[in-house]
Amino acid sequence: MGIPAPEERLEEYPHQFSGGMQQRAIIAIALSCRPQLLLADEPTTALDVTVQAQILDLLRQINQRDGTGIILVTHNLAVAAEFCQRLAVMYAGQLMELGPAETVISEPLHPYTKGLLRSLPYLVPKGSPLTPIPGSVPDLAQLPSGCPFNPRCDIATDICREEAPPWVKVSSNHAACCWRLT
Amino acid sequence: MTEALVVVKDLKKHFPVQRSLVAKLLTGTKDQWVRAVDGVDFVIHNQETLGLVGESGCGKTTLGRTLVGLYEPTAGSVTFAGQDVFQLKKTNPVAFYRQVQMVFQNPYASLNPRKTVREILSQPLKVRDRYNPKELEEAIQRLLEQVGLNKYHMDRYPHQFSGGQRQRVSIARALAMQPSFIVCDEPVSALDVSVQAQILNLLQDLQVRHQLTYLFISHDLSVVRYLCDRVAVMYLGKIVELGNTEEVFNHPVHPYTEALLSSMPQIKRDPNQKKILLTGSVPSPLDPPPGCSFHPRCIAKVGKICELESPELIACSPGHFAACHRGQA
Ligand SMILES: Nc1ncnc2c1ncn2[C@@H]1O[C@H](COP(=O)(O)OP(=O)(O)OP(=O)(O)O)[C@@H](O)[C@H]1O
Ligand code: SF4
Ligand SMILES: [Mg+2]
């Protein structure tokens, strides 16, 4: 897994490992049973980008060689764009958009997906503020009626506050759950 | 802007490897040391944001903790506004923590789960000043407002907050002492991009309002590029490159920096960009290789000198420093 001096360090406790080394140890455990489906929940969050690239490369090999399906859960849109074939965007426990990763990033349909992409510091000049989505995630026990995203959505209309939105397909493999696409 | 606030001189922090007595008797080896920080020199200018990036485990957190006096240096020194950090912390801890604070890597673990936000924030406030109960209440409220929370959050426990809110609480706790220098250790790594944008806006806002100086540790190079005035690149306990952020991103000099920047995941794919996948494993900080510690993985080695002599961090253009024999004839 690329942890230096494994023999000496076998006897150490997790707190003596750096954040990145802890993560690699966990990935080693998951891969040791050769699964058919691997749920990788933020597998590279604590890692520097060179180790991240190595680990994603390793996961890609496992996917191609053993046919292991991978669900990669991540906050990092750039990692998702580079690694995944398809991308699902979730908000407050519900799926909001699903499509080919590249298309979802370059032509997002759902206002939440658009809001996430607008929040990125990518190409924002130093000193100008970033553009987060206003408000915050609702309490999952008290979801608003209609679309769960409606209180934070800049294009919400009355129906968005009243009824759950339908899935709208814009192409054979790209769809989103939003009234404003109907 | 160019006045030095924090001066780090030949700083080293080594940790003993703790092994059981039996293991020592069996293998017969002596005590070993993890050379987490192994001789770094740099300054942080007043009111700047200095980024610190580098390999996982290269010593960024250790360096940050040593700068705020949480670790005693093994060798070398850190001075803050001309005073030795570790001396100042020992002789006058209150004065010290009024100037230097840290926001930690993990917002889930760094707040005491059994204390309410009121208790978490009263502690540093009481250390700083004498307050009557009403003033204390107002001071807590002001702190919460500064980080975008409000008085309704005062009597909640950390687990009742979202990740972003918790990170706001730890920022409020750091601000309570009204410091001038804050080490932020991956303050946004665990957050989704929208909350990350909120926290980054907050940090910039506070910097302007309170004339803060930041050391910002992060793996997210796009965040570092956006936020930091200068950036330092660390590899195996040493700083290998340091310079203005745009200069380093556009014209990296050290082969490790080149590999790091080329591995940066891109939201828009650039077909011309090739990733330099580093091969070999990260060398052990227990026993760093001789010469340049990057040489076993370097694709740009210039000869025997790389294996024999440790390159010094010297200026390759004004304000841009690198530690690499390539180009240092
Ligand atoms: N208290 C400790 N005792 C012994 N070794 C330690 C201790 N803290 C850190 N180390 C070791 O020092 C080295 C540097 O660790 P550090 O946490 O500073 O790295 P880091 O650059 O912050 O890594 P990451 O990017 O993964 O957070 C690692 O090899 C780590 O295992
Ligand atoms: S000193 Fe030599 S081995 Fe080290 S980075 Fe430079 S070229 Fe590579
Ligand atoms: Mg760290």
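Note that this is a predicted model, so its numbers are computed, not measured. Letters go in sequence order (proteins before strands), and every chain restarts at 1.
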Contacting moiety of L260(B), where chain A heavy atoms sit under 4.5 Å: both
Partner set under salt bridge (charged side-chain N to carboxylate O under 4.0 Å, His left out) for K238(B), not counting sequence neighbours: D38(B)
Side chain / backbone / both / neither for I276(B) at chain A, heavy atoms under 4.5 Å: neither
H45(B) side, atom NE2; T213(B) side, atom OG1 - distance, nearest 0.5 Å: 10.5 Å
Pairwise side-chain contact, V103(B) with Q167(B), heavy-atom cut-off 4.5 Å (strictly under): yes
Any residue of residues 114-128 of chain A which, by heavy atoms, sits under 4.5 Å from chain B: L116(A), L117(A), S119(A), L120(A), P121(A), Y122(A), V124(A), P125(A), K126(A), G127(A), S128(A)
With R161(A) via salt bridge (charged side-chain N to carboxylate O under 4.0 Å, His left out) - residues at least two apart: D158(A)
Engaged part of D192(B) at the chain A interface, taking heavy atoms whose separation is under 4.5 Å: both
Under 4.5 Å from a heavy atom of chain A, the part of Q204(B) involved: side chain
Interchain contact, T61(B) with chain A, by part (heavy-atom threshold 4.5 Å): neither
Parallel, tilted or perpendicular: ring planes of Y71(B) versus F15(B), cut at 30 and 60 degrees: perpendicular
side-chain hydrogen bond (donor to acceptor under 3.5 Å, both in side chains) assessment of E186(B) paired with S218(B): CA-CA 5 Å; E186(B) 312 216 21; S218(B) 180; 5.5 Å; no
Residues which pass ring-ring contact (aromatic ring centres under 6.0 Å, His included) with H153(B), listed by chain and number, not counting sequence neighbours: F161(B)
side-chain contact (heavy atoms from CB on, under 4.5 Å), paired with V53(B), selected from T257(B), L261(B), V233(B), D220(B): V233(B)
Derivation of the side-chain hydrogen bond (donor to acceptor under 3.5 Å, both in side chains) call for S56(B) and D48(A): CA-CA 5 Å; S56(B) 310; D48(A) 72 84; 3.1 Å; yes
Engaged part of T245(B) at the chain A interface, taking heavy atoms whose separation is under 4.5 Å: side chain
